[in-house]
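Order of the sequence lines sets the chain letters (A, B, ...), proteins ahead of strands, with each chain counted from 1.
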Amino acid sequence: MIKDIIHDHLINCLQKLGISHEKDFTVEIPNNTEHGDYSSNCAMVLAKENKKAPKSLAESIIKELKKNKNYKKIELAGPGFINFYLAPSFFQRIFWDIRESGENYATSDFGLGEKVLLEFISANPTGPLNIVSARAAAFGDTLYRVMKRVGFAPSREFYINDFGNQVDILAESLELRLRELQGDVIGEFPYEAYHGEYVKHLAQKLNATEGVRVFMMTEKDRIEHLKEFALAELLEMQRNSLENFDVVFDGWVSEKTLRAEGVVEEVLSYLYEADCTYEKDDAIWFASTKYGDDKDRVLMKSDGSFTYFVPDLAYHLTKIQRGFSTLIDIFGPDHHGYIPRLRAAFSAMGYDEKMLEIIFLQQVNLFESGERVKMSKRAGKIVTMDDLINEVGKDAARYFFIARKANAHLNFDLELALKQNNENPVYYCQYAHARICSIIKKAKKDKIWPKSFKQELLSKLNKSEELAIIQKLSDLPELLMLIAIHREPHRLATYIEELSAMIHKYYARYQIVSAKSKELSQARLMLLETTKQVMAIVFNLMGISAPEKM
RNA sequence: GCGCCAGUAGCUCAGCAGGAUAGAGCAGCAGCCUUCUAAGCUGCGGGUCAGGGGUUCGAAUCCCUUCUGGCGUGCCA
C-alpha cells in the first residue's frame, strides 16, 4: 500500500538523520488536492520529543526524502505538514501490481486466522423475518465477507429461540386457526396470539394433509406436534427469505437442542461456583450487580423454568468452547438493556468480557411518498423482508441497508430504491460498471482489444483523472482492513460511489475506444478493465450484482 | 429518574479515530447527446458541524455540561 511505502521511507529517513520517533505519526490522503497526493504530520508530531520547531525538522526530513525518485515533488506546508506529490511512474507501478493480483486483489492475512463468531438476526421462529432482520442480514453478511477477505476466520450463526413462551403461543395460535378451519366457533382471536396471515396459511397446509387427525391426539401430543410443524415450516420460510437475500449461515443453533445437551446446567454450575447466585421469592437470581449491572437478574423463575438469559448464556459459552476468540453479537435496537448482564456473566465465569462485542443496529423506518409506513406486529401488519425484496429487489435492499452506519437510524425510502435513475445510488454505481463493460465490448468489436496488455502501455496513463483512479483503486486493501477492524461495512458504499463517480467523469471527458492512437486506447482499456475487476470485488462483498449491461 | 444511541447544507447522509479552506447525492437554477449507454457529465448558489465550556500547535472528531429526538429500564424474548 502506498501509505505504508511512504511511511517506511519516512522511518528510513528519520533513522538516517538520527531523529527520534517514539510517537506515532500518520500518512494520509489530504482532502484538499492542493496539499499533494499524500501528506504526513510527522514533523509536527515529533517536534516536541526532538526539541525542534516543526518546520525546521520538516526541512531536514524533506532534504533526505528528495533522494528518492518515487516523488515528483515534496513540499513543506502549513504548520509543518510534509506533502508528497507522487511521480506518475510510481502510480503506474502500483497499478500494475493491482492488475497482477487479479481477483485476489485486497486479500490479506491481516486477521491472522482469528476465529470470529458473528451472530445476527436470531429472530424468533414465530413468523416471517422483518426489515430489521433484513438490515441485520445485510450488515452481518457483508461484515463477514470483508473479514474473510482480510484473513479472519469468521463464522455466521443464527440462534433459534425454539423453546418457551413465544413458541407455545405460536402453537396455540395455530390450533385456533385450525379449529376455525374445521368450523369451530372460536370467538375473538386472543390479543397475545399471532395474528399474521401466515398462521392461517400454516393451518390450511396442516388441515389439508392431516385434517381432523390432529384433534385425535391427546392435548399434550397435539401441542408438541403443532409446535414441531410450525417451527419447521417457519424456519424453512426464514431460511428461504435469507437465501433470496444471498445470506447463508454457517450454523443454526437451536435453543431446544442446547437444553437437551445440558449446557444450560453447565452454565448454572459455573455461576454457582463463582458464588454469585442466590434464592429470593422462590426464584434463583444472578447477582450481576457485582459485575457492573444495575440490577440483579432472575435465572430461574418461580415456576421452575429458565429465563431467556440462561440458555442464551449457555449458547455463548459454547461459542468459546468451540474456539472462537471474538464473539460479535449484532442486536436490534431493543436489546441494549441486555448487555450488562451478559458481560457480567462472562466476568463471573472467568472469561474476559472484552471477547464479547455488541453491535447495535438502530431501527429501520420505511418511507413511501414522504410518509412513514406504520407497522404493527400485533395486528400482523408488518412489512416483511420478503415484501421488501419483492418490492425493491435484492440489490437495492442490500445496498441501502449497508450504506448507513450501524448505530444510525435508517430511513428507507421505498420510492428512491425503486427509481432507475441518477437519484438512486445503487443504479449510479452499477451503471458505472455496466458502462465499462459496454466500452470493452465495443473495443472487442472494433478489434482494438489486445490478446494481452503490455506493460509498456503503463506510461500512457498519465492524466490526472487516470492517476486519481489508480490511487482510489490502491486504497481498497487498507479500506477493507479498517472495515474489518471497526466493523463498519457502510464504508464500502462510500467507496464504490466515489469510484463510480470517477469512472463516469472519466468516461465523459475522454474517448476510450477511438482515442488518437491504438496504444492510448489500449492503455485506457487496461485501466478500465482493472477498475471493473475491483468494482466487481466490492459489489461481491456487498452482495449485490455487477451487471454487464443495463 | 437512570442507561444506551443519535443531532453536520432545504432533504438523505459521508467525513479515512485529532489535521490544512467541512464533503457527496438529491432537490433548485443554467448548460452538454451526428461520438464507446444522457441510468451520464459541466457550472452556480447553499453551513453558528444542536448550544456552551475545556484539553493543544490544531477539534465536526477527545472530555465535561445543557438542549432536542429515538430506544431501553420484565420472573418478555
### Task
Kindly say whether, by distance alone, the side chain of A/H409 makes a donor-acceptor pair under 3.5 Å with the base of B/G69?
no
### Query
Which part of the nucleic acid, if any, lies within contact of A/S39, taking any heavy atom under 4.0 Å across all strands shown: a base, the sugar-phosphate backbone alone, or nothing?
base
### Query
Among the nucleotides B/A20, B/A38, B/G40, which one has an atom lying closest to any side-chain atom of A/A77?
B/A20
### Message
Looking at the base of B/A20, is there any donor atom on it, or on the side chain of A/E28, that sits under 3.5 Å from an acceptor on the other one?
### Response
no
### Query
Looking at B/G15, B/A39, B/C76, which one has an atom nearest to any side-chain atom of A/M550?
B/A39
### Task
For A/Y507, answer base if it contacts any base atom (sugar-phosphate contacts may also be present), sugar-phosphate if it contacts only those atoms, and nothing otherwise; contact means non-hydrogen atoms under 4.0 Å.
base
### Message
Roughly how many Å apart are B/A50 and B/U61, using the P atom of each and rounding to a whole number?
### Response
8 Å
### Task
From the options B/C41, B/G19, B/G70, select the nucleotide whose nearest atom is closest to the side chain of A/A508.
B/C41
### Task
Once you apply the 3.5 Å cut-off to both distances, tell me the Watson-Crick or G-U wobble partner of B/U73, or none.
B/G1
### Task
Taking only Lys NZ, Arg NE, NH1 and NH2, and the carboxylate oxygens of Asp or Glu, determine whether A/K3 and A/E28 approach each other closer than 4.0 Å.
no
### Query
If you take atom types as modelled and just measure distance, does the side chain of A/S514 reach the base of B/C36 with a donor-acceptor pair under 3.5 Å?
no
### Query
Taking the side chain of A/R435 as its heavy atoms from C-beta onward, which of B/A38, B/U21, B/C5 lies nearest to it?
B/A38
### Query
Are the ring centres of A/F360 and A/H335 closer than 6.0 Å?
no
### Message
Angle between ring planes, A/W449 versus A/F453, binned at 30° and 60°: parallel, tilted or perpendicular?
### Response
perpendicular
### Task
Consider the side chain of A/Q363, meaning its heavy atoms from C-beta on, and name the nucleotide among B/G70, B/C36, B/U73 that approaches it most closely.
B/G70
### Query
Under the 3.5 angstrom rule, does the side chain of A/R149 hit a backbone N or O of A/P477 as a donor-acceptor pair?
no
#### Entry: Charged N-O contact under 4.0 Å between A/E498 and A/K472
yes
### Message
Under 3.5 Å, is there any donor-acceptor pair linking the side chain of A/H336 to the base of B/C71?
### Response
yes
### Query
On RNA chain B, nearest-nucleotide positions of A/K301 versus A/N31: which is more 5'?
A/N31
## Note on the structure
Per the glycosidic torsion and the 90° limit around 0, nucleotide B/A20 is anti
### Query
When all nucleic acid strands are considered with a 4.0 Å heavy-atom cut-off, which category describes A/F367: base, sugar-phosphate, or nothing?
nothing
### Message
When you compare the side chains of A/Y291 and A/E353, does any donor N or O come within less than 3.5 Å of an acceptor on the partner?
### Response
no
Within the sub-3.5 Å range, which N or O atoms of nucleotides 56-61 of chain B have a protein N or O partner, and how far apart are they?
from	atom 1	to	atom 2	distance (Å)
B/C57	OP1	A/K48	NZ	3.2

### Closest listed nucleotide, where the reference is the side chain of A/F81 and the choices are B/A20, B/A6, B/G40
B/A20
### Closest to side chain of A/T307, choosing from B/C5, B/G40, B/C75
B/C75
## Note on the structure
Interatomic distance, OG1@A/T277 vs CD@A/E279, rounded to 0.5 Å, equals 9.5 Å
#### Entry: Cationic N near anionic O, under 4.0 Å, A/E119 to A/K319
yes
### Summary
The nucleotide from B/C16, B/A38, B/A17 with an atom nearest the side chain of A/K3 is B/C16
### Message
Would the base of B/A17 count as contacting A/H486 through its side chain, where contact means a donor and an acceptor less than 3.5 Å apart?
### Response
yes
### Between B/A22 and B/A27 - P atom distance, rounded Å
25 Å
### Query
Is there a donor N/O on one and an acceptor N/O on the other, under 3.5 Å, for the side chain of A/D294 and the base of B/G3?
no
### Query
A/L482 has a side chain; which of B/C16, B/U12, B/G72 sits nearest to it?
B/C16
